[in-house]
Amino acid sequence: MRKLIFAVPAAAGLLAFSIPAAAAGTGGQPPPAGVVSATPVSGTPHLPATSSPTQQIRQLVQCGGTMYAVGSFTEVQRFTITYPRNNIFSFSATSPFKVTSWAPDVNGEINSIAFNGGNCKDAYIGGQFTSVNGTAASNFAEIDTTTGNVVPGFGDKVGGGHVDTLLAVKGHLLVGGTFTKINGSTTDPYFASVSPVTGKDDGFLHLNVSGHYQFHNVKRNGTEVYNQQLSHSGKLDLVEGDFTSVGGLGRQQIFMLNVAMTPAKVTGWSSPEFDGSKGELPSGYAYQCGDSHPFYVHAAAWSPDDSTIYLADTGVHPWNWNGSFPMVGLCDAAAAFPANEKEVTHDWIAYDGCDSLYSAAADASAVYVAGHNRWFNNANACNVAGNGAIPANGLAGLTTGATGGSLILNSGGNAGMYTRSRGHGADDMLLTSAGLWIASDNFGGRTECGGVSGYAGICFLPYN
């Protein structure tokens with residue numbers, strides 16, 4: 001692989017080092033067949049245009065013909081009608097996208113929602129709250145999707161921290177977060193598997209997740225399991241967070257879990273580009289990002305055939321970067337890695353120029369990434385448009401596969417095909433057979449998606 005030579009400041013001068021060059025495509029490409037439309041469908045519910053504090057949709061999940069949205073908000077709108085909703089609501093997944101009467105009263109932010117298989121009668125929610133419809137529930141609950149009430153008999157007590165992510169798989173509910181105790185058990189802090197019936201630890205996970213990121217001037221951070229994505233086969237789970245050891249193996253930022261085994265087991269998939277196994281520069285990799293962003297791999301997506309993993313990263317730039325270009329490392333970039341269950345290195349890295357990315361989704365035609373990005377093809381600048389940079393505001397489509405990473409362009413060929421208000425970012429994207437759902441916020445009162453106003457919090461881009 002081609003290498004580039006740079007220098008990094010050290011206590012006594014500069015350190016020379018060599019690293020693999022990014023392999024992303026340059027410039028942009030016309031839209032390939034099969035991508036979602038750049039124009040949003042009208043009539044979807046959304047957050048109000050102006051709000052203080054900022055309101056946010058954290059996750060969108062479909063069960064049957066209904067879409068469920070969770071986050072931190074007090075009301076949603078559809079056309080001229082406003083609906084009071086406390087951090088959770090549901091609406092029809094198809095046009096005309098009517099908001100349902102379901103309105104559980106949850107007194108804090110909900111970070112994640114999940115359903116157990118095809119059972120849409122009950123939903124599991126996790127976040128930072130203490131009650132649901134007046135019933136005590138500590139950060140975790142099973143609720144009825146007709147009444148909104150807590151389902152009796154299910155354990156709903158999480159202590160020592162909050163819940164970030166929920167995933168139902170093969171009769172287990174995988175719960176991740178900052179917690180150290182779940183329904184009386186301290187056996188599996190940060191990442192536990194519980195029974196969907198009782199909420200009790202069922203022993204499917206015993207990973208001893210531990211550690212946090214430590215390097216020069218890094219801000220305080222703690223162990224956390226933040227996000228996860230199940231493969232299309234249902235056999236593998238990607239898990240992102242703040243940790244240094246999982247299942248007795250050195251892992252950082254992200255790991256792959258084999259959930260076809262009992263108990264689930266960490267696979268051999270990893271990379272020195274994010275796990276630190278071959279050390280830091282100058283002889284290793286720029287695997288640590290800015291001191292304010294120690295945890296930077298916030299999201300991942302599987303290719304439709306599960307052969308490629310796409311990452312969406314925050315991080316600004318490596319903490320010991322000396323300002324030379326092109327940029328190095330995975331910070332504030334999208335990247336593709338082979339999904340082989342062994343040590344791998346990237347197929348390509350696509351830089352946006354020091355803007356965070358928070359979510360990813362992929363189909364056979366495009367990798368969709370969203371955040372508060374302003375450009376792509378911008379490896380030669382940080383926080384400005386460098387030589388060759390192409391505008392791509394808030395959302396981008398990139399070409400797929402091992403030789404992909406090129407920005408998909410609009411019909412004029414002068415900017416990315418997709419746009420949305422940058423806001424704080426976009427915490428979640430859900431790709432269905434109908435199209436791409438994007439969960440975001442109303443920061444600054446901005447509401448645009450595809451150049452059309454009125455889509456704060458939720459935007460749906462359909463397949464044509």
* **Listed partners of Asp242 passing side chain to side chain contact (heavy atoms under 4.5 Å, CB included), at least two apart** => His212, Tyr213, Asn221, Glu224, Phe295

* What pairs with Ser233 under side chain to side chain contact (heavy atoms under 4.5 Å, CB included), at least two apart in sequence or on another chain? -> Ser231, Lys235, Asp306

* **Neighbour count above 12 (heavy atom, 6.0 Å) for Asn107 CG** => yes

Closer than 3.5 angstrom, by distance alone: can the side chain of [X] be matched with the main-chain N or O of [Y] as a donor-acceptor pair?
X	Y	result
Asn377	Gly388	yes
Thr432	Ala434	yes
Glu109	Arg58	no
Asp441	His424	yes
Ser112	Leu166	yes
Tyr287	Leu281	no
Gln55	Thr74	yes
Asn380	Asn378	no
Asp363	Val367	no
Thr267	Leu257	no

* Structure fact -> With Tyr68 as partner, the option from Phe115, Phe91, Phe89, Trp437 fulfilling ring pair (Phe, Tyr, Trp, His ring centres under 6.0 Å) is Phe115

Hey, could you give me the [atom1]/[atom2] distance between [X] and [Y], rounded to the nearest 0.5 Å?
X	Y	atom1	atom2	result
Leu230	Leu236	CG	CG	8.0 Å
Ile254	Ser271	CD1	OG	10.5 Å
Leu238	Tyr310	CG	OH	13.0 Å
Ser72	Ile57	OG	CD1	9.5 Å
Tyr418	Leu409	OH	CG	11.5 Å
Ser270	Gln253	OG	CD	10.0 Å

Any side-chain heavy atom of [X] sitting closer than 4.5 Å to one from [Y]?
X	Y	result
Asp291	Lys219	no
Phe73	Arg85	yes
Asp347	Thr403	no
Cys459	Leu461	yes
Ser90	Met67	no
Arg78	Tyr83	yes
Asp237	Met256	no

* Does the side chain of Gln252 pick up a donor-acceptor pair with the side chain of Thr244 at under 3.5 Å? -> no

* **Between His346 and Glu273: side-chain donor-acceptor atoms closer than 3.5 Å** => yes

* **Residues Cys354, Cys382; criterion disulfide bond (SG atoms under 2.5 Å apart); working and verdict** => CA-CA 5 Å; Cys354 299; Cys382 183; 2.0 Å; yes

* Decide ring-ring contact (aromatic ring centres under 6.0 Å, His included) for Phe204 and His172; before the verdict, give the C-alpha distance in whole Å, the side-chain angles of both, and the deciding distance to 0.1 Å. => CA-CA 8 Å; Phe204 184 62; His172 308 278; 3.9 Å; yes

* Can Thr314 and His293 be said to form a side-chain hydrogen bond (donor to acceptor under 3.5 Å, both in side chains), step by step? -> CA-CA 7 Å; Thr314 69; His293 294 71; 5.1 Å; no

* To do: Using the test ring pair (Phe, Tyr, Trp, His ring centres under 6.0 Å), find all partners of Trp269 that sit at least two apart in sequence or belong to another chain.
  => Phe274

* Under the side chain to side chain contact (heavy atoms under 4.5 Å, CB included) rule, what do Asp355 and Arg422 come out as? Steps first, then yes or no, please. => CA-CA 10 Å; Asp355 285 331; Arg422 296 169 64 216; 3.8 Å; yes

* To do: May I have the step-by-step check of ring-ring contact (aromatic ring centres under 6.0 Å, His included) for Phe140 and Phe179, ending in yes or no?
  => CA-CA 11 Å; Phe140 185 38; Phe179 60 85; 8.2 Å; no

